[in-house]
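Remember, predicted model here, so these are calculated numbers, not experimental data. Below, chain A is the first sequence line, B the second, and so on; all start at residue 1.
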Amino acid sequence: MEKLTVWAARQPDAVGKMALVRGWVRTRRDSKGGFSFIELNDGSCQGNLQIVAPATLANYESDVKKLGPGAALTITGEVKASPAKGQVTEVHASAIAVLGSADPESYPLQKKGHSFEFLRTIAHLRPRTNTFGAITRLRSQVSLTVHQFFHEQGFFYIHTPIVTASDCEGAGELFKVTTLPLEGGPASTSGPGGGPDFSKDFFGKPAFLTVSGQLQAEALACALGRVYTFGPTFRAENSNTPRHLAEFWMIEPEMAFFDLEDNMTLAEAFIKRIIRDALEKCPEEMAFFHERVDPTLRPRLEAILGSDFRRVPYTEAVALLEKSGQSWEFPVGWGRDLQAEHERWLTEKHFGGPVILFDYPRTLKPFYMRVNEDGRTVRAMDVLVPGVGEIIGGSQREERYDVLAERMREQGLDPAAYGWYLDLRRYGTVPHSGFGLGLERVLLFLSGMANIRDVIAFPRTPGHAEF
RNA sequence: UCCCCGAUAGCUCAACGGUAGAGCAACCGGCUGUUAACCGGUUUGUUGUAGGUUCGAAUCCUACUCGGGGAGCCA
């Protein structure tokens with residue numbers, strides 16, 4: 001007797017084995033020919049295992065005939081080649097035990113499809129659906145690829161803090177972290193101006209959930225060469241869109257001795273590797289997304305694999321937009337930020353493929369991006385892909401102490417508050433670069449799913465921290 | 001946060017000023033190596049909440065709540 005996953009029992013070489021399989025019922029079809037068919041899924045793969053349950057089972061009438069979606073079973077039987085189309089193997093059950101029943105009157109998941117909006121209200125049960133099983137397995141594969149890709153390139157996986165006291169990057173609103181009482185306690189009003197007295201707080205100063213591990217990653221890159229973070233990130237921005245989460249997972253590589261061109265080359269190789277691995281390692285999941293979610297998915301991904309990412313300076317992109325003849329909702333002009341409509345036009349209409357825009361006006365970008373020789377632009381880059389828009393943002397970092405301090409002042413920041421960060425430029429400074437990408441954005445792009453709340457198991461968005 | 005759209009049976013929707021219906025699910029039965037099985041029958045509602053207009057409101061008006069799309073911010 002061998003314990004087999006559904007995946008293992010579906011393989012042709014499982015035929016002939018006596019097996020023990022466990023899983024949850026997807027559907028049951030009865031045949032008066034003297035048996036029932038049960039579709040069993042245990043999450044190990046996209047497909048179900050067909051169980052043939054003969055009426056001679058002792059509990060056929062009492063248990064098997066009552067099985068509905070969601071019931072958990074243990075089945076012993078022989079794996080045989082299936083005589084019918086639809087599956088290679090099937091298990092002829094000699095015994096079926098119900099581990100946990102699921103009352104069909106109240107179990108919310110049915111055989112038919114459900115809207116994603118409805119499934120979000122039962123996020124604890126939606127992992128049992130085809131779509132969320134596929135997303136979850138794909139998410140796992142992408143995570144594995146991230147680690148493999150960077151390790152093959154000599155990177156070290158580092159862990160930057162979740163709690164940070166540096167309110168520094170202007171990367172959106174931060175969540176406060178405090179042990180001070182919300183009201184009533186003396187420490188909540190005894191600070192300067194009648195506000196909280198943070199000297200009495202846990203960290204002795206205001207603290208927040210991180211919005212990026214970049215600054216700390218720079219410190220480690222300036223010692224270990226190539227590093228990357230991959231962890232949760234928090235934004236308290238009141239963004240209600242299908243592309244934003246309050247808690248998401250971000251991947252941030254940071255490389256010493258990389259200039260912006262090296263950075264672009266790495267970003268392009270990284271994106272392509274993620275696509276290639278998804279297609280090779282998750283073929284059933286990707287086929288499912290192509291068939292059920294987005295019929296343009298496969299050609300779009302394959303086109304990206306086969307293309308060279310166009311590298312276009314911001315200044316040139318603005319000129320293209322200005323003479324495009326399009327009517328824009330938002331104005332186009334040098335010094336203005338590119339809007340989503342502009343980015344989409346560039347990557348989808350004009351170039352028809354991935355585009356890396358770079359050298360943006362210094363006024364549009366944060367203090368840490370390296371100022372170009374022209375003095376007007378900085379070494380920033382955004383990778384745009386069809387269907388999604390911006391998927392990666394990165395830059396070469398400003399390694400010159402004086403320029404960096406000046407840029408801080410220019411943006412209203414006090415260099416004294418960034419002593420440790422400036423130290424990286426004071427002692428042994430080197431050119432370095434990095435970028436960031438959100439895991440959930442990557443999953444949207446890979447799966448063709450439309451809403452970011454459907455590519456993470458338990459999404460956190462404004463007003464929502466259920467489950 | 002702003003602009004649109006929506007909320008009716010467990011799910012997806014119809015009824016568009018005259019008193020709520022279909023498909024699916026569920027339940028009962030039939031049939032079949034079936035595979036989103038099929039065929040017949042049965043059950044299911046404070047029409048999101050609170051007000052208002054009206055002889056009469058699911059339907060019109062107001063507010064709120066929730067959901068979706070777009071925008072901003074961004075990853």
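A residue-by-residue look at A:G463 and A:F248 shows that A:G463 has its nearest nucleotide of RNA chain B further toward the 5' end.
Spacing of C1' atoms, B:rA15 relative to B:rG45, comes out at 14 Å, to the nearest Å. Nucleotides B:rA9 and B:rU43 are separated by 11 Å at their C1' atoms, to the nearest Å. A gap of 28 Å separates the C1' atoms of B:rG40 and B:rU8, to the nearest Å. Atom name C1', nucleotides B:rU59 and B:rU19: the rounded distance is 12 Å, in whole Å. Separating the P atom of B:rG67 from that of B:rC74 is a span of 25 Å, rounded to the nearest Å. For the C1' atoms, the distance linking B:rA25 with B:rG18 amounts to 32 Å, nearest Å. Comparing the P positions of B:rU42 and B:rC24 gives an interatomic distance of 14 Å, to the nearest angstrom. Spacing of C1' atoms, B:rC64 relative to B:rA71, comes out at 24 Å, to the nearest Å.
Of the candidates B:rA71, B:rA37, B:rU34, B:rA37 carries the atom nearest the A:T27 side chain, counting heavy atoms from C-beta on. Among B:rG68, B:rG69, B:rU32, the nucleotide with an atom closest to any side-chain atom of A:P242 is B:rG69. The listed nucleotides are B:rG72, B:rG68, B:rA26; the one nearest the side chain of A:P104 is B:rA26. Listed nucleotides: B:rA26, B:rC74, B:rG72. Nearest to the side chain of A:T241: B:rG72. For A:F37, whose side chain is taken as the heavy atoms from C-beta onward, the closest listed nucleotide among B:rA37, B:rU34, B:rU1 is B:rU34. Minimum atom distance to the side chain of A:H464 is reached by B:rC66, of the listed B:rC74, B:rC66, B:rG68. Closest to the side chain of A:N238, out of B:rU1, B:rG67, B:rG33, is B:rU1.
Atom CD in A:E117 sits roughly 18 Å away from atom P in B:rG48 (whole-Å rounding). Look at CD on A:E341: it is 19 Å from P on B:rG69, rounded to the nearest Å. Atom CD in A:E466 sits roughly 13 Å away from atom C1' in B:rG67 (whole-Å rounding). In this structure, CD of A:E39 is placed 11 Å from C1' of B:rA37, rounded to the nearest angstrom. To the nearest angstrom, P of B:rA37 lies 16 Å from CZ of A:F35. In this entry the distance linking CD1 of A:I452 with P of B:rG70 reads 13 Å, nearest Å. Atom-to-atom, CD of A:E237 to P of B:rA71 comes out at 16 Å; the value is rounded to the nearest Å. To the nearest angstrom, C1' of B:rC73 lies 14 Å from CG of A:D382.
Judged by distance alone with a 3.5 Å cut-off, no donor-acceptor contact links the side chain of A:E329 to the base of B:rG72. Taking 3.5 Å as the limit, the base of B:rC73 and the side chain of A:S239 contain a donor-acceptor pair of atoms between them. Between the side chain of A:Q87 and the base of B:rU34, a donor-acceptor pair under 3.5 Å is found.
Close to B:rG68, at under 4.0 Å from its OP1 or OP2, lies a side-chain N or O of A:R453. Taking only side-chain nitrogens and oxygens, A:R235 never comes nearer than 4.0 Å to OP1 or OP2 of B:rC74. Residue A:S31 places none of its side-chain N or O atoms closer than 4.0 Å to OP1 or OP2 of B:rU34. Residue A:R243 places at least one side-chain N or O under 4.0 Å from the OP1 or OP2 atom of B:rA71. At least one side-chain nitrogen or oxygen of A:N451 sits closer than 4.0 Å to the OP1 or OP2 atom of B:rG69. Between A:K66 and B:rC27, a side-chain N or O to OP1/OP2 separation shorter than 4.0 Å is absent.
Between A:F150 and A:F155, the ring-plane angle classifies as tilted under the 30° and 60° cut-offs. Below 30°, between 30° and 60°, or above 60°: for A:F270 and A:F149 the angle between ring planes is between 30° and 60°, a tilted geometry. Relative orientation of the A:Y360 and A:Y314 rings is tilted, given thresholds of 30° and 60° on the angle between their planes. Classification of the A:F230-A:H147 ring pair by plane angle, with boundaries at 30° and 60°, yields tilted. Note: A:W345 and A:H350 have parallel aromatic rings, judged against thresholds of 30 and 60 degrees for the angle between ring planes.
A stem is defined here as three or more consecutive Watson-Crick or G-U pairs, each with both distances under 3.5 Å; for RNA chain B these stems are B:1-7 with B:65-71, B:10-13 with B:21-24, B:26-30 with B:38-42, B:48-52 with B:60-64.
Heavy atoms of A:L439 sit nowhere under 4.0 angstrom from any nucleic acid atom. Residue A:E247 is out of contact with every strand shown, counting any heavy-atom pair closer than 4.0 Å.
Considering CG of A:L99 and OG1 of A:T74, their distance stands at 3.5 Å, rounded to 0.5 Å.
The backbone N or O of A:F309 lies less than 3.5 Å from a partner atom in the side chain of A:E268, making a donor-acceptor pair.
For A:F156, the CZ atom sits in a loose shell: 12 or fewer heavy atoms of surrounding residues, nucleotides or ligands are nearer than 6.0 Å. In A:K281, the NZ atom is crowded: over 12 heavy atoms of neighbouring residues, nucleotides or ligands sit closer than 6.0 Å.
With respect to the salt-bridge test (charged N to carboxylate O, under 4.0 angstrom), the residues A:R139 and A:E440 qualify. Salt bridge annotation for A:D42-A:R22: absent, with no cationic side-chain nitrogen under 4.0 angstrom from a carboxylate oxygen. Look at A:E410 and A:R362 and you find a salt bridge, because one of the NZ, NE, NH1 or NH2 atoms lies within 4.0 Å of a carboxylate O, short of that distance.
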What are the atom names and distances for every N/O pair under 3.5 Å that joins the protein to nucleotides 8-11 of chain B?
{"from": "B:rG10", "atom 1": "N2", "to": "A:Q110", "atom 2": "OE1", "distance (Å)": "3.2"}
{"from": "B:rG10", "atom 1": "N2", "to": "A:Q110", "atom 2": "NE2", "distance (Å)": "2.9"}
{"from": "B:rG10", "atom 1": "N3", "to": "A:Q110", "atom 2": "NE2", "distance (Å)": "3.2"}

Please report the C-alpha distance between A:R10 and A:Q46 in whole Å, then the side-chain angles of each, then the deciding distance to 0.1 Å, and finally whether the side-chain hydrogen bond (donor to acceptor under 3.5 Å, both in side chains) criterion is met. CA-CA 11 Å; A:R10 281 170 57 87; A:Q46 194 68 32; over 6 Å; no
